Chemist: 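Handing you this structure, nothing more for now.
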Amino acid sequence: MLTYRRISLALGVMSLALLLASACAQAAPITVNLRIEGSSKTLYEGPVKTEGETFETSSSKGPHPCDYAENGAAKGEFTNGGAVSGTPTTALRDAALASGLAFDAKWYGSGKEENENPGDFFVTQVGSDVELTEAPYDAWGYAVNDTTAPVGGCEIALAPGNEVLWAYNYFNLKHLLSLTGPASANEGSPVTVHVVDGQTGAPIAGATIGEDVAGSTTTLPGNPTTDAGGNATVTLAHTGTVELKATQPESVRSNAIAVCVHNGNEGACGTTPVLYACADSAGASLPYCGGPLVISPPPPVAEIAVAEGVKSGHVYSHRHAPRLLSGVVKIPAGGTLKQVRISLQRRNGKHCTVFSGTKEAFVRARCGATRFFSVGAAESFSYLLPSSLPPGHYVYDVEAINDSGNATKLVPGVSHVVFYVK
């Protein structure tokens, strides 16, 4: 009986150890920033949640693992986020599937023995861009934090917040363009942006700055181009949030930067509204009489909310209708952000609906009604809609709430954005 009890106890301890080991091996999904640059446009740019996965593609001849524990041949060199973690390839696949992009990859390798290739997926297609097996041998390649990886896409364990870039024709291009610039600009006034090679930090001359519209880069007035110092002067002619990108024939196109464009001091983009009134020599208010200008302080607003992910006044095709709603909240010194809320209204003819964050679907509503739902309390947020938007007239609103319960104002073109899907 004692021997039986000892065996039972030993088995119980072994089972507990196995359970603990299994629990340790499971890594929680992480969020990284992913950009997918196709041959002619940006296919995806934004956050994506990913984890180590086993999956099958049309070319892989069966399911195979894609996580560092199974694929990592670099002996721990690239375990940023843990042995079982999301990888550059799982992030790419997850974003492609969520965005309705075709995805295919071939499998190479078959083991994890000491000196054997542990196996990896080789990405052959994203969207309509397929690898070329003959000259010029265009193929998909990737970088993590602007560094070209020396191993396959399943052999790096990503860490939360990593910047992951996948690009078509990657190995035939010289530079990974990186664009920086101001967060806001006055309508019609020039601002300076800067372009460097993200791998080396060296300035890039001859890069063209354009506006990113649904992934395609369109020409700006004056066709601004960087000089030898990597600088270009850009003048933005309409208010609202404008996304800029840099392109160059021999380079991977750059990241997008969002510039909030305001018209003077009207209160948008963090500017202080200017109010006109009359005052006597002592500064006392008088009825309007065309007197001197008095700059009145703005009302006590805790934060400034800026809607991103859609362009004010833009008409999208159904195919390119936005799915990722995003934005930022700018908090003044001493301010406290309690909550960020968004609302998405749709009107199609006489029928009106609003998006329900609880049901994750559009529900009937009175035309003009808003229904805000929380997207957390982070200064930068994003919300992925379950599917592309159907045709209609849309209003996207963003508001921030401080700890006193005060909400930001809805500013047309900034936190109150109207757009269309045809």
Side-chain angles (χ1 to χ4, degrees), residues 33-49 92-103 126-129 210-218 238 240-245 253 255-256 258 305-328 341-365 367-373 375 381-398 410 412-422:
N33 298 313
L34 173 70
R35 182 157 52 94
I36 308 174
E37 297 292 352
S39 59
S40 61
K41 63 181 296 184
T42 302
L43 304 179
Y44 183 93
E45 184 167 6
V48 63
K49 185 176 291 186
L92 173 65
R93 178 176 177 269
D94 291 340
L97 296 180
S99 303
L101 297 170
F103 176 84
V126 183
S128 60
D129 290 321
E211 181 177 359
D212 181 58
V213 180
S216 298
T217 307
T218 61
H238 61 85
T241 300
V242 177
E243 292 190 347
L244 301 178
K245 270 186 177 278
R253 68 179 64 86
N255 56 294
V306 179
E308 297 178 348
V310 295
K311 299 183 183 300
S312 181
H314 190 70
V315 179
Y316 295 91
S317 65
H318 177 62
R319 179 180 178 184
H320 297 112
R323 282 191 62 192
L324 190 69
L325 303 178
S326 58
V328 294
R341 308 193 306 177
I342 65 174
S343 170
L344 183 63
Q345 310 162 45
R346 173 179 179 253
R347 181 167 187 160
N348 188 25
K350 297 181 180 180
H351 302 287
C352 296
T353 55
V354 295
F355 189 82
S356 169
T358 303
K359 297 182 178 180
E360 295 189 324
F362 282 94
V363 298
R364 288 190 175 185
C367 290
T370 57
R371 181 176 294 185
F372 285 96
F373 61 94
V375 289
F381 70 89
S382 62
Y383 183 87
L384 183 65
L385 295 167
S387 60
S388 295
L389 296 173
H393 168 278
Y394 290 88
V395 178
Y396 173 37
D397 291 330
V398 181
L410 295 178
V414 179
S415 55
H416 176 80
V417 176
V418 178
F419 64 99
Y420 307 85
V421 177
K422 64 177 180 179

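Note that the structure is predicted; figures quoted are calculated from it, not measured.
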Chemist: How far apart are the closest heavy atoms of G210 and T217, and which atoms are they?
Modeler: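 In terms of heavy atoms, the two residues are closest at CA-CG2, 3.7 Å.
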Chemist: Measure the CZ-CG distance between R371 and D397 for me, rounded to the nearest 0.5 Å.
Modeler: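 It is 14.5 Å, given to the nearest 0.5 Å.
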Chemist: I want to check something: taking the side chain as every heavy atom from C-beta on, are L324 and Y383 in contact at a cut-off of under 4.5 Å?
Modeler: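 A side-chain contact is absent here, since even the closest heavy-atom pair is not under 4.5 Å.
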Chemist: Only one of T370, L389, V395 passes side chain to side chain contact (heavy atoms under 4.5 Å, CB included) with L344; say which it is.
Modeler: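 For L344, the side chain to side chain contact (heavy atoms under 4.5 Å, CB included) test succeeds with only one of T370, L389, V395, which is L389.
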Chemist: Any donor-acceptor pair under 3.5 Å linking the side chain of R253 with the backbone of G38?
Modeler: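 Yes, the answer is positive, given that a donor and an acceptor are paired below the 3.5 Å cut-off.
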Chemist: Looking at every heavy atom in both D94 and K49, which two are closest together, and how far apart are they?
Modeler: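 Where D94 meets K49 most closely, the heavy atoms are OD2-O, 3.6 Å.
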Chemist: Counting N and O atoms only, with roles assigned by atom type, does the side chain of Y44 sit under 3.5 Å from a partner on the main chain of L92, one being a donor and the other an acceptor?
Modeler: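 No, because the side chain of Y44 does not come within donor-acceptor range (under 3.5 Å) of the backbone of L92.
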Chemist: Might you point out which heavy atoms bring T241 and E308 nearest each other, and give the distance in Å?
Modeler: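 Nearest pair, atom of T241 first, then E308: CG2-CG, 4.2 Å.
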Chemist: Could you measure the distance from the CD atom of Q345 to the OG1 atom of T353? Nearest 0.5 Å is fine.
Modeler: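 Nearest 0.5 Å value for the CD-OG1 distance: 9.5 Å.
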Chemist: Are the side chain of R93 and the backbone N or O of A95 linked by a donor-acceptor pair below 3.5 Å?
Modeler: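 Looks like no, no N/O pair under 3.5 Å.
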Chemist: Heavy atoms only: give me the nearest L101-G127 pair and the separation to one decimal.
Modeler: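 Scanning both residues, the minimum pair turns out to be CB-N, 4.1 Å.
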Chemist: Checking the side chain of S356 only, and the main-chain atoms of A361 only, is there a donor and an acceptor separated by less than 3.5 Å?
Modeler: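 Not at all, since once roles are kept as given, no pair shorter than 3.5 Å links the two residues.
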Chemist: What distance do E360 atom CD and F373 atom CZ have between them, rounded to the nearest 0.5 Å?
Modeler: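 Those atoms lie 8.5 Å apart.
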Chemist: Checking R346 side chain against P391 main chain: does a donor-acceptor pair fall under 3.5 Å?
Modeler: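 Yes, because the side chain of R346 sits within donor-acceptor range (under 3.5 Å) of the backbone of P391.
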Chemist: Going by heavy atoms in the side chains, are H320 and V213 under 4.5 Å from each other?
Modeler: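 Of all side-chain heavy-atom pairs linking V213 with H320, none is under 4.5 Å.
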Chemist: Could you go through V398 and V306, starting from their C-alpha distance and side-chain angles, then the distance that decides it, and tell me whether this counts as side chain to side chain contact (heavy atoms under 4.5 Å, CB included)?
Modeler: CA-CA 7 Å; V398 181; V306 179; over 6 Å; no
Chemist: Within the 4.5 Å heavy-atom criterion, are Y394 and V421 side-chain neighbours or not?
Modeler: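 The answer is yes, as the side chains (C-beta and beyond) meet within the 4.5 Å cut-off.
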Chemist: Roughly how far, to the nearest 0.5 Å, is CZ of F381 from OG of S326?
Modeler: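 Reported to 0.5 Å precision, the distance equals 6.5 Å.
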Chemist: Which heavy atom of A96 sits nearest a heavy atom of F103, and at what distance?
Modeler: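 Residues A96 and F103, closest heavy atoms: CB-CB, 4.1 Å.
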Chemist: Check for a donor-acceptor pair, side chain of D212 on one end and backbone N or O of K245 on the other, with a separation under 3.5 Å.
Modeler: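 No, the answer is negative, given that no donor and acceptor are paired below the 3.5 Å cut-off.
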Chemist: Find the distance between OG (S317) and NZ (K422) and round it off to the nearest 0.5 Å.
Modeler: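 One finds 7.0 Å between OG of S317 and NZ of K422.
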Chemist: Does NZ belonging to K41 count more than 12 external heavy atoms closer than 6.0 Å?
Modeler: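 Buried by this count: over 12 neighbours within 6.0 Å.
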Chemist: Take a 6.0 Å sphere around NE2 of H393 and say whether it holds more than 12 heavy atoms from other residues, nucleotides or ligands.
Modeler: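 Buried by this count: over 12 neighbours within 6.0 Å.
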Chemist: Just how far is it from atom OG of S128 to atom CG of L43, taken to the nearest 0.5 Å?
Modeler: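 CG of L43 is found 7.5 Å from OG of S128.
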Chemist: Do side-chain atoms of E45 reach the backbone of A256 as a donor and acceptor pair under 3.5 angstrom?
Modeler: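 A pair under 3.5 Å: yes.
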Chemist: Are side-chain heavy atoms of F419 and P322 found at a separation under 4.5 Å?
Modeler: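 Contact flag for F419/P322 side chains = yes.
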Chemist: Mind running side chain to side chain contact (heavy atoms under 4.5 Å, CB included) on F355 and I342 for me, showing each step along the way?
Modeler: CA-CA 10 Å; F355 189 82; I342 65 174; over 6 Å; no
Chemist: What closest approach, in Å, do P47 and S382 show between heavy atoms, and which atom pair accounts for it?
Modeler: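 Smallest interatomic distance, heavy atoms only, reads CG-OG, 3.1 Å.
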